[in-house]
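Only heavy atoms go into these numbers, but all of them, side chains included; no hydrogens, no water, no symmetry mates. In what follows, residues are counted from 1 in the order of the sequence shown.
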Amino acid sequence: MRHRIAVVGGGPAGLTFARVLHRHDHPVTVLERDPAPDARPPGGTLDLHVKLGQLALDKAGLLAEFQALSRPEGQAMRILDTDGTVLRDWQPRPDDRANPEIDRGQLRDLLLGPLDVQWGRGVTEVVPGTRDGVLVRFADGRQETFDLVVGADGAWSRVRPAVSSATPHYTGVTLVETSLDDVDTRHPDLARLIGDGSVAVYGVNRALVAQRNSGGHVKVYAQFRAPLDGHTNLDRRAGLDVADVETDVEADVETVRSRLLALFDGWAAPVLDLLRHGTAFVHRPLHVLPVSHTWTHVPGVTLLGDAAHLMPPLGAGANLAMLEGAELAESVAAARGPEDLDEAVRAFEEQMWARAGRWAKITTAGLERLVSPDPTEAIALFDEVQPS
C-alpha cells in the first residue's frame, strides 16, 4: 500500500526522510516554505558521526558520495587562551572518518538529488483526525489531506502544536555569527590560526569559535550569556539590538562590531581580528525544548529533529535528525495498512524519545560548561571528548 505521506521542512531531517522513502520507491510530498533551495544562506559546516548522520546517509545510499565531498581534515580542533596561548591542538589521523565535516549547502544538494520538493509551500496549521486524514493548511489558503504528516520544520515548527503544547525557551546564551570569505588569500594569518578545522577561545561567560568551511569560507561565532530582552548595551552584557536577519547597512555592522569588540576587550589581537574582519552579523539567541520532550501519540502526525527535540547546537542535532528521518522512512515503507503505519510511527517515537533525551542531557550540560564562569570547564569537556 502506498500511504499519502507529507514531510514539512526541507532541512537535513526532512530531506533524509524523503530520500530514504524514494529509495524504497514510496512517494512522498516534501513541503518547504523557502521559495528555492538557495533562498537564504544554508549555514555553516556539519560534522556527521559514523553511527548517526553517516548511518543515515548509508540508509539513503549516499555514503560514498558523502565521503567524496566531506573533509576529514575539518575534524581538527585548536583551543587558545584569551591571550593567544595554544592550550590544545588536536589533529585527526589521515584515516580518521569518525566525524568528517561537510558544508550544509553541499549536504542539502546531495540529499535533494531526484526529490521533487514543493518550494514556497508554507504550512500554517496541521489538523489531525479529519474524515479524510490529516489536514494541512497552507499560507496561500489551500489545503490538502494526508495519511501521515511528518514535522521536520525546525525550532518554531508549525506542525508541533498538533501533538504538543511545548514551546522553545531561551538558554541564557546568545550567538552572534559573522563570516570571513577567501580567508587564505585575504587573511592568511587568520587562516593559519584557524587551521583545517576549528579554533575556539573560552573566557568568563563567553567564547569565540571560528570554523572553516570549504572554499576558504569561515564562520565565526561569538557566544555569551545575556538576557533575552533589553538588547541595548553589550558593555552591560545585555545583548545586541540587531535583527534576526543579516544586514548590509554598514553603520549597523560597525555598531555591532564595536560592541562585540568591547565585550571581548583584552583578548589577544589575532583572536579579535576574527570579529574585526567579519562581514555581516546575525543574532542567534539559543532556544531549546524541555530535555525530555515527549507527547501523547497522535495518529497521523509525528515530528523529527529540532521540531521534536531542539537542543544546544553541539554537534548532535543534525545527526539525530537525519538518522530519525532514515529510520522513520524505513518503518513507513514497510507498513502495509493504516494500522501498521500507526504502529510503526508509535514505535519510532518511543525509540526517538529515548535516544534524543540522552543527547539533550549531554548537550545541555555541555553548553553550561562551554559558556561558563570557569573557562577551564570548556577545556575539561574537550579533554573528555577528544583527549589531547
Side-chain angles (χ1 to χ4, degrees), residues 43-55 57 63-104 106-107 177 179-203 207-223 267-275 277 312-319 362-363 366-367 369-371 375-388:
T45 185
L46 293 170
D47 60 315
L48 296 191
H49 304 186
V50 169
K51 295 182 180 180
L52 295 172
Q54 290 186 57
L55 177 57
L57 289 172
L63 186 57
E65 293 177 62
F66 163 77
Q67 290 172 341
L69 287 170
S70 66
R71 294 176 287 105
E73 69 278 9
Q75 299 170 95
M77 183 67 185
R78 180 176 294 148
I79 300 179
L80 309 180
D81 201 345
T82 56
D83 64 4
T85 303
V86 177
L87 302 176
R88 301 289 186 274
D89 193 357
W90 183 82
Q91 300 294 321
R93 301 184 311 272
D95 61 345
D96 191 336
R97 295 271 176 177
N99 310 293
E101 300 281 343
I102 186 170
D103 289 9
R104 286 178 180 267
Q106 293 176 325
L107 179 62
E177 173 190 317
S179 301
L180 305 172
D181 291 314
D182 197 15
V183 67
D184 299 288
T185 301
R186 298 175 62 185
H187 309 291
D189 290 343
L190 288 181
R192 286 188 289 272
L193 180 75
I194 297 162
D196 291 330
S198 300
V199 62
V201 190
Y202 298 103
L208 269 177
V209 179
Q211 187 179 53
R212 183 181 283 269
N213 291 228
S214 63
H217 185 71
V218 170
K219 290 286 189 183
V220 180
Y221 304 94
Q223 309 171 12
W267 289 31
V271 173
L272 295 183
D273 281 344
L274 294 168
L275 299 174
H277 296 298
L314 299 183
N319 278 278
I362 292 169
T363 55
L367 182 64
R369 298 176 70 182
L370 290 176
V371 188
T376 63
E377 279 295 309
I379 309 296
L381 178 61
F382 173 82
D383 289 341
E384 292 168 16
V385 175
Q386 187 61 70
S388 57

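- Looking at residues two or more places apart in sequence or on another chain, you find a side-chain contact (heavy atoms from CB on, under 4.5 Å) between Arg369 and Glu377, Ala380, Leu381, Glu384.
- To the nearest 0.5 Å, atoms CG (Asp47) and CD (Glu101) are separated by 4.5 Å.
- Under the rule for a salt bridge (Lys or Arg N to Asp or Glu O under 4.0 Å), the partners of Asp273 that lie at least two apart in sequence or sit in another chain are Arg276.
- With hydrogens and angles disregarded, a donor-acceptor distance shorter than 3.5 Å links the side chain of Asn319 to the backbone of His49.
- Of all non-hydrogen atoms in Val218 and Ala210, the two that sit nearest each other are CG1-CB, 4.1 Å.
- Note: Leu107 CG to Leu46 CG = 6.5 Å, rounded to the nearest 0.5 Å.
- One finds the CD1 atom of Ile379 at 9.5 Å from the CG atom of Leu370 (value rounded to the nearest 0.5 Å).
- Pairing each heavy atom of Ser179 with each of Lys219, the nearest pair is OG-NZ, 3.4 Å.
- Residues passing the salt bridge (Lys or Arg N to Asp or Glu O under 4.0 Å) test with Asp184 are Arg212, sequence neighbours excluded.
- Listed by chain and number, the residues in a side chain to side chain donor-acceptor pair (under 3.5 Å) with Asp81 amount to none (sequence neighbours excluded).
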Check: residues 188-196 side-chain donor-acceptor pairs under 3.5 Å, at least two apart:
from   : atom 1 : to     : atom 2 : distance (Å)
Asp189 : OD1    : Arg192 : NH2    : 2.2

Check residues 64-72 and write down every donor-acceptor pair under 3.5 Å in which the side-chain atom is one partner and the other belongs to a residue at least two apart or another chain.
from  : atom 1 : to     : atom 2 : distance (Å)
Ser70 : OG     : Phe66  : O      : 3.3
Ser70 : OG     : Gln67  : O      : 3.4
Arg71 : NH2    : Thr45  : OG1    : 3.0
Arg71 : NH2    : Asp103 : OD1    : 3.2

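- Annotation: the span from His217 atom NE2 to Gln211 atom CD amounts to 10.0 Å, rounded to 0.5 Å.
- Of all non-hydrogen atoms in Gly44 and Tyr221, the two that sit nearest each other are CA-OH, 4.1 Å.
- Between Gln75 atom CD and Gln91 atom CD the span is 10.5 Å, to the nearest 0.5 Å.
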Is there a side-chain contact (heavy atoms from CB on, under 4.5 Å) between Leu63 and Gln54 once you walk through the steps?
CA-CA 7 Å; Leu63 186 57; Gln54 290 186 57; 4.0 Å; yes
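- For Val86, the side-chain contact (heavy atoms from CB on, under 4.5 Å) test picks out Arg78, Leu80, Asp89, with sequence neighbours left out.
- Put simply, the side chain of Arg186 does not reach to within 4.5 Å of the side chain of Leu180, judged on heavy atoms.
- Separating the CG atom in Asp83 from the CH2 atom in Trp267 is a distance of 11.0 Å, to the nearest 0.5 Å.
- Nearest approach of Gln106 to Ile102, heavy atoms of both residues: OE1-CG1, 3.7 Å.
- Among residues two or more places apart in sequence or in another chain, the side-chain contact (heavy atoms from CB on, under 4.5 Å) test is passed with Pro312 by Val288, Leu314, Thr363, Thr364, Leu367.
- The ring pair (Phe, Tyr, Trp, His ring centres under 6.0 Å) search around His277 returns His187, not counting sequence neighbours.
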